[in-house]
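Lettering follows sequence order; numbering is per chain, from 1. Basis for what follows: all heavy atoms, side chains included, without hydrogens, waters or symmetry-related copies.
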Protein chains: 2
Amino acid sequence: MLDPSTQRPAVGIRDVAALARVSPTTVSNVLSGNRRVSAATRERVHWAIDQLGYRPNLSARNLRVRRAGLIAVAVPEIGVPYFAELIGHVVQAARERDYTVLIDQTEGRLEAEQFVLSGMNPGMVDGILFSPLGIERPEYENRRDTTPLVLLGERISGSGVDHVAIDNVAAAADATGYLIERGGRRIAAIGHQERRGGGTAPQRTEGYRQALEAAGLPYDPSLVLATSKYHRRDGALAMTELLDRGAQPDAVFCYSDLVALGAIHALRERGLRVPEDVAIIGIDDIDEGRYSTPTLTTIEPDKVAIARTSLELLFDRIADGSREPRQVVVPHTLTVRRSA
Amino acid sequence: MLDPSTQRPAVGIRDVAALARVSPTTVSNVLSGNRRVSAATRERVHWAIDQLGYRPNLSARNLRVRRAGLIAVAVPEIGVPYFAELIGHVVQAARERDYTVLIDQTEGRLEAEQFVLSGMNPGMVDGILFSPLGIERPEYENRRDTTPLVLLGERISGSGVDHVAIDNVAAAADATGYLIERGGRRIAAIGHQERRGGGTAPQRTEGYRQALEAAGLPYDPSLVLATSKYHRRDGALAMTELLDRGAQPDAVFCYSDLVALGAIHALRERGLRVPEDVAIIGIDDIDEGRYSTPTLTTIEPDKVAIARTSLELLFDRIADGSREPRQVVVPHTLTVRRSA
DNA sequence: TAACTGGAGTGCAACGTTAAACTGAGTCGC
DNA sequence: GCGACTCAGTTTAACGTTGCACTCCAGTTA
């Protein structure tokens with residue numbers, strides 16, 4: 001199967017060269033613009049190119065120049081709007097640099113994440129943008145592979161890896177602070193996750209705790225609910241549990257917009273009003289929150305900046321693999337809508 | 001820049017061969033399993049492989065075997081949940097076949113769509129899954145490139161191109177029929193688009209028309225609104241226009257869930273209740289509709305089937321480029337929730 | 001005139017892999 | 001005892017590009 005001989009006889013640079021009566025090198029130069037080629041020759045080459053419908057073979061080029069023109073974006077799930085929107089920006093920014101984006105979906109499988117850390121298929125991608133989920137800190141340090149890698153959304157200081165993220169502690173504190181400001185006194189948090197290596201969730205819990213403390217409110221661990229993922233369903237389940245338990249919060253800080261939308265759904269099912277009975281705030285600012293009922297108050301990370309900065313870091317590292325790792329903090333803002 | 005010599009000296013199959021004291025071909029055979037290799041040799045090779053941390057170079061392999069192990073999925077926008085969810089399924093199904101998925105975002109730019117039709121970068125992908133937006137029928141026929149291509153969501157019969165789609169006419173008729181059944185008499189449609197080459201939107205309009213006719217209701221063109229895209233915003237704008245105009249429909253068939261959610265948002269803004277004042281139905285069954293307020297009644301295309309079938313068609317065509325094009329219709333079902 | 005300079009182009013080798021053809025040694029059948 | 005076959009491996013020649021070192025010619029310059 002897949003016998004090369006069954007394929008159409010690909011037209012290559014040498015066919016073009018033959019037709020244009022020049023050497024393959026000249027054709028290559030015309031295409032790449034690497035060296036000067038006389039106008040007359042250039043024209044003949046171009047003519048031959050579209051006579052034959054020639055299109056350069058990327059595999060061959062990549063093999064030769066050791067660059068793939070391809071970067072991988074590895075995220076837990078593309079179906080999650082935050083990632084989908086982020087990837088959209090990445091694809092767009094990458095195109096401006098003549099890079100194509102390849103998608104890897106880890107689904108939080110450890111084995112898939114390890115594969116990503118190991119550089120995926122060498123020679124296939126020039127770099128990786130990685131939004132990890134389950135992998136723990138030591139794994140980054142033991143990385144044998146040298147494929148340039150930039151972490152998204154994780155804050156693993158001193159890990160020797162580039163990363164781009166918002167200040168999760170501050171973001172969570174801002175969100176919680178806003179809930180307090182508008183009258184919340186019994187504020188729940190949904191989305192906590194225990195991770196040995198640190199990670200987004202514990203940082204958000206920390207910000208939540210700090211904001212309560214700053215306002216002189218008690219920190220009640222029973223109001224902090226963990227979820228395994230950040231789907232709508234997780235938010236709904238956690239909210240339902242909270243209500244079943246009779247915990248009766250007057251506001252909820254959700255660790256993602258999706259969780260927040262799930263929580264709102266659960267509240268509605270119980271006949272509770274948002275924000276009158278319970279105020280809800282999320283993080284991510286996905287488009288959905290602008291049209292939901294009620295519209296969603298949220299912490300808005302600058303997704304375009306995340307996309308662009310992470311690519312910049314990545315290309316930087318591709319150019320110079322040994323430069324010091326950088327950790328970039330991207331700004332976030334509070335966007336007030338109706339849910340809180 | 002990007003001088004190959006500055007790169008780390010990649011360990012290749014010949015380094016492994018040298019260390020294991022066999023020929024490169026043997027190493028290749030161990031890896032591919034193409035030919036029998038004695039257990040002892042195989043073991044030595046494996047030992048050498050992880051001594052050196054060898055990882056095969058895909059560019060080289062692809063150049064040699066003329067397969068990239070890569071397929072492209074070209075959609076207008078990844079940020080649109082329907083596409084994001086669909087791509088998620090595609091990525092998963094592709095992995096089972098050892099294929100990686102690369103994303104192209106056309107944003108409906110004609111030039112980007114033409115690039116897709118032209119096979120993108122030859123040698124880079126083995127096939128393309130394409131969800132077109134603006135491109136017209138003749139363009140398919142004049143396709144010079146032979147990269148296997150499967151159309152998603154379009155119904156262009158006789159175009160000589162493989163495609164996978166739901167029966168859009170029937171789906172629209174089902175949706176409209178359901179609205180009529182539950183009492184709708186003045187039913188609007190949002191999402192029409194004029195396309196010379198046919199396409200999804202006109203088919204849905206046709207289904208809508210047929211359902212009205214079947215129920216003996218008049219077809220009123222002023223209740224059919226066109227939108228340029230299928231975003232929430234487009235739905236909201238169209239709905240607002242309808243209300244401003246005093247058209248007062250009692251039900252609306254939206255050509256996508258996103259449009260439906262936008263319409264619901266607009267209705268709420270005007271203080272109208274869904275479904276009491278206006279019933280809303282969409283198409284797509286995105287996860288969002290299960291948690292929205294109210295939850296969304298919709299036509300559910302079997303997305304997993306679309307992903308799997310289209311990949312099957314694609315791999316089929318990769319294996320045999322000259323087989324007759326096939327058009328596969330994927331089932332859809334009506335999922336009733338709260339909005340209608 | 002010989003020695004340089006620069007522009008335009010050519011030829012060769014190599015990137016890392018694998019298919020195909022080949023080598024030898026052992027086994028089998030008749 | 002000899003051809004035919006199998007097994008486990010090797011050697012060779014690509015796949016389509018491109019960087020490098022080279023050539024060739026015309027125009028300067030000393």
Side-chain angles (χ1 to χ4, degrees), chain A residues 1-45 48-49 52-69 121-124 126, chain B residues 1-45 48-49 52-69 121-124 126:
Chain A
M1 59 170 181
L2 263 172
D3 174 7
S5 67
T6 63
Q7 313 279 351
R8 83 200 139 114
V11 332
I13 210 170
R14 47 212 317 152
D15 303 287
V16 176
L19 184 60
R21 312 196 149 280
V22 293
S23 74
T25 305
T26 300
V27 177
S28 170
N29 288 332
V30 168
L31 263 61
S32 63
N34 271 349
R35 299 172 56 77
R36 285 200 53 76
V37 173
S38 74
T41 311
R42 192 166 47 240
E43 194 146 333
R44 272 213 323 292
V45 169
I49 283 176
L52 299 173
Y54 164 80
R55 323 209 53 223
N57 177 316
L58 282 228
S59 287
R61 172 182 301 180
N62 295 342
L63 171 60
R64 185 59 236 232
V65 304
R66 283 143 173 277
R67 103 150 209 170
N121 292 313
M124 180 168 226
D126 296 326
Chain B
M1 62 173 181
L2 262 171
D3 174 7
S5 66
T6 64
Q7 313 280 350
R8 82 197 140 118
V11 330
I13 210 171
R14 47 214 314 153
D15 302 289
V16 175
L19 184 59
R21 312 196 150 280
V22 292
S23 74
T25 304
T26 300
V27 176
S28 170
N29 288 331
V30 169
L31 263 62
S32 64
N34 271 350
R35 299 170 56 79
R36 283 199 51 76
V37 174
S38 74
T41 311
R42 191 165 48 239
E43 194 147 333
R44 273 213 322 293
V45 169
I49 283 176
L52 299 172
Y54 164 80
R55 323 209 53 221
N57 178 316
L58 284 225
S59 287
R61 198 215 293 294
N62 295 341
L63 171 59
R64 184 59 237 232
V65 304
R66 282 143 174 278
R67 103 148 210 171
N121 290 314
M124 180 169 224
D126 297 324

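Note: A:Arg66 CZ to B:Ser59 OG = 10.5 Å, rounded to the nearest 0.5 Å. Summarising the geometry, atom CD1 belonging to A:Ile13 is positioned 8.0 Å from atom CD1 belonging to A:Ile49; distances are rounded to the nearest 0.5 Å. Expressed to the nearest 0.5 Å, how far CG of A:Leu63 lies from CZ of B:Arg64 amounts to 12.5 Å. In this structure, the separation between CG on B:Asn57 and CG on B:Asn62 is 8.5 Å, given to the nearest 0.5 Å.
Phosphate proximity of D:dA8 to B:Thr41: absent, as no side-chain N or O sits under 4.0 Å from OP1 or OP2. Between C:dA8 and A:Arg36, a contact under 4.0 Å exists linking OP1 or OP2 to a side-chain N or O.
The heavy-atom pair separating B:Ala20 from B:Ala48 by the smallest distance is CB-CB, 3.9 Å. Listed here is the closest heavy atom pair of A:Val22 and A:Val27: CG2-CG2, 3.8 Å. Across A:Arg44 and A:Arg21, no two heavy atoms sit closer than the pair NH2-O, 3.7 Å.
The CZ-P distance, from B:Arg61 to D:dT17, rounds to 21 Å in whole Å. When rounded to the nearest whole Å, the span between CG of B:Asn57 and C1' of C:dT18 equals 13 Å. Counting to the nearest Å, the P atom of D:dG16 and the CG atom of A:Leu63 are 12 Å from each other. Taking atom CZ on A:Arg55 and atom P on D:dC15, their separation rounds to 21 Å, with Å as the unit. Atoms CG (B:Leu31) and P (C:dA19) sit 12 Å apart, rounded to a whole Å. The nearest whole Å value for the distance from the CZ atom in B:Arg44 to the C1' atom in D:dG9 is 11 Å. Following rounding to the nearest Å, B:Asn29 (CG) and C:dA20 (C1') show an atom-to-atom distance of 12 Å.
Checked by distance alone, B:Arg64 brings no side-chain donor or acceptor within 3.5 Å of a matching partner on the base of C:dA19.
Using a 4.5 Å heavy-atom threshold, the side chains of A:Tyr54 and A:Leu19 count as separate. Taking 4.5 Å as the limit, every side-chain heavy atom of B:Leu31 sits out of range of all side-chain heavy atoms of B:Ser28.
Ranking C:dG9, D:dG19, C:dC15 by closeness to the A:Arg66 side chain, first place goes to C:dC15. Here the side chain of A:Ser23 is nearest to one of C:dG16, C:dT10, D:dT10, namely C:dT10.
At least one donor-acceptor pair closer than 3.5 Å links the side chain of A:Asp126 to the backbone N or O of A:Ala68.
Secondary structure note: stems in DNA chain D built from 3 or more consecutive Watson-Crick or G-U wobble pairs under 3.5 Å occupy C:1-30 with D:1-30.
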Between N or O atoms, less than 3.5 Å apart, protein on one side and nucleotides 21-28 of chain D on the other: list the pairs.
none

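Scored by the side chain to side chain contact (heavy atoms under 4.5 Å, CB included) test, A:Asn29 finds A:Thr25, A:Ser32, A:Asn34, A:Arg35, A:Val37 as partners (sequence neighbours excluded). The side-chain hydrogen bond (donor to acceptor under 3.5 Å, both in side chains) search around A:Thr41 returns A:Ser38, not counting sequence neighbours.
If you check every strand for non-hydrogen atoms under 4.0 Å, A:Asn34 touches sugar and phosphate atoms only. Within 4.0 Å of B:Ser38, counting heavy atoms only, lie sugar-phosphate atoms of the nucleic acid but no base atom.
Within residues 12-21 of chain B, the residues that have a heavy atom under 4.0 Å from DNA chain C are, in order of number, B:Gly12, B:Ile13, B:Arg14.
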